[in-house]
Protein chains: 2
Amino acid sequence: MSFDEQELPEEVRQSVEEAWPLFVEFLKKKDARVTQARKIVLTQVFSRHDHFCADDLAAELSSGMNHVSRGTVYRTLALMEEAGLVRVIRDTDVHAHYEHTFNHPHHEHMICDKCGQFIEFADDEIMVLIEQACKEHEFEERNHRIVIFGTCAACKAKEG
Amino acid sequence: MSFDEQELPEEVRQSVEEAWPLFVEFLKKKDARVTQARKIVLTQVFSRHDHFCADDLAAELSSGMNHVSRGTVYRTLALMEEAGLVRVIRDTDVHAHYEHTFNHPHHEHMICDKCGQFIEFADDEIMVLIEQACKEHEFEERNHRIVIFGTCAACKAKEG
DNA sequence: ATTACTGCAAAGCATTTGCAAATGC
DNA sequence: GCATTTGCAAATGCTTTGCAGTAAT
């Protein structure tokens, strides 16, 4: 556990400082180990990453002093998902996208067909209606996801 | 174009009879060809398939007189999606699920974590709110999808 | 000391693609 | 006859896994 985090931007350092103890608690509850690799991955997730894919993260951690292998990145992201620290979006046909959920309230996504941008939006009314629908079907919700596909304002403008 | 559809159940035959001309029209508009393989795939999609995956469909068409190769099945499903005749759901971690949309009004899904069952539900109010959200973000919707993950009534009962 | 975790490279799996032969136009 | 589509099998790309070595408890 001797991983240097002094050069992190203040904002990132703060997120990590809050999120890491939660992950540690989660790991201990699971009788899993608190390892350096797991801290590096968590730190990287909270560094300048809004939406990212596992492979990019793995690439970033593939060299330099804070090296973590691809396999471990995937394994750790799965743990972080289980811990509720990241969210996975698998709707596009390419590969899964992740985002960190810590200090990031629940929201849904619009994905632009043209530029691939993720636009976040939240709607409490929709949430209520979804809860209602679950009740009607006696379905116990664990999680939900809304994705809207289409064209974003910027791309529409560009098209003329 | 000498493909025998006489043994199809009445209901299926009817769906095919209605959907096929739409697909033909779509193909012509696209300067693509109206082929036997495409008709076989479309027919199979409308046969006893609520939710299915490309690979199962390919397996069903891998032998017998109405043979279509895996590659063609994937290619044709992509065309059918473009034509708006099938819908793809890519939220589970395994593989994409398809469903035909013809004679099947728009709806969303609940997926049971335990048994994998797809439960369909529709909610007009949610649709309206989604439209609203798009307007607010100047996003031009092409399509949307809601998926709720959790436990279905049957599995909850089984658990006690 | 014991047991879990990591790295690596190899395997897996759904999906896509290149190319020669077949088919629709 | 010409261009597109098909079948096949090989390739692709993301993700998972087996195993020997390494680190955490």
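Nothing here was measured: the structure is a model prediction, and the numbers come from that model.
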How many whole angstroms separate atom CZ of B:R90 from atom P of C:dT15?
7 Å
For C:dT15 and B:Y74 - does any side-chain N or O of the residue sit under 4.0 Å from the phosphate oxygens OP1/OP2?
yes
State the pairing partner of D:dC14; accept Watson-Crick or G-U wobble contacts with both distances under 3.5 Å, and report none otherwise.
C:dG12
In terms of side-chain heavy atoms, does A:E108 have a donor or acceptor partner in B:H144 at a distance below 3.5 Å?
no
B:R70 CZ to C:dA14 C1', in whole Å, measures 10 Å
Assert: residue with more 5' nearest nucleotide on DNA chain C, out of A:V73 and B:R33, is A:V73
Could you state the atom-to-atom distance from CG of A:L79 to P of C:dC5 in whole Å?
8 Å
Please determine whether a side-chain nitrogen or oxygen atom of A:H95 lies at a distance below 4.0 Å from atom OP1 or OP2 of C:dC13.
no
Distance below 4.0 Å between A:T35 side-chain N/O and D:dA23 OP1 or OP2
no
Same hydrophobic cluster for A:L85 and A:V88, using side-chain heavy-atom links shorter than 4.5 Å among ILVMFWY?
yes
Heavy-atom nearest nucleotide on DNA chain C for B:C53 versus B:K28: which residue maps closer to 5'?
B:C53
In whole angstrom, what separates B:D31's CG from C:dG24's C1'?
13 Å
What's the NZ-C1' distance between B:K39 and C:dT23, to the nearest Å?
17 Å
Indicate, with yes or no, if the rings of A:H109 and A:H51 have centres closer together than 6.0 Å.
yes
How many whole angstroms separate atom CZ of A:F52 from atom C1' of D:dC14?
15 Å
Return whichever of B:G71 or B:L27 has its heavy-atom-nearest nucleotide of DNA chain D closer to the 5' end.
B:L27
Could you please name the option among D:dT25, C:dT15, D:dC8 that lies closest to any side-chain atom of B:H67?
D:dC8
Decide yes or no on salt bridge (charged side-chain N to carboxylate O under 4.0 Å, His left out) for A:E131 and A:K135, but give the supporting numbers first.
CA-CA 6 Å; A:E131 266 175 54; A:K135 215 169 276 174; 5.5 Å; no
Heavy atoms only, 4.0 Å cut-off, all strands: where does A:R75 land among base, sugar-phosphate and nothing?
base
Answer yes or no: does atom CD of B:E18 have more than 12 heavy-atom neighbours from other residues, nucleotides or ligands under 6.0 Å?
yes
The nucleotide from D:dT25, D:dG7, C:dC5 with an atom nearest the side chain of A:A32 is C:dC5
Measure CG/A:L57 against P/D:dC14 and give the value in whole Å, please.
14 Å
Does one hydrophobic cluster hold both A:I119 and A:I126, with members joined at side-chain heavy-atom distances below 4.5 Å?
yes
Ignoring the backbone of B:A96, work out which of C:dC25, C:dT6, C:dT15 is nearest its side chain.
C:dT15
Which nucleotide in D:dT5, C:dA4, C:dT6 has an atom nearest any side-chain atom of A:R38
C:dT6
How many Å lie between CD1 on A:I40 and C1' on C:dG7, as a whole number?
13 Å
Picking from C:dT6, D:dG7, C:dC25, which would you name as closest to the side chain of B:V68?
D:dG7
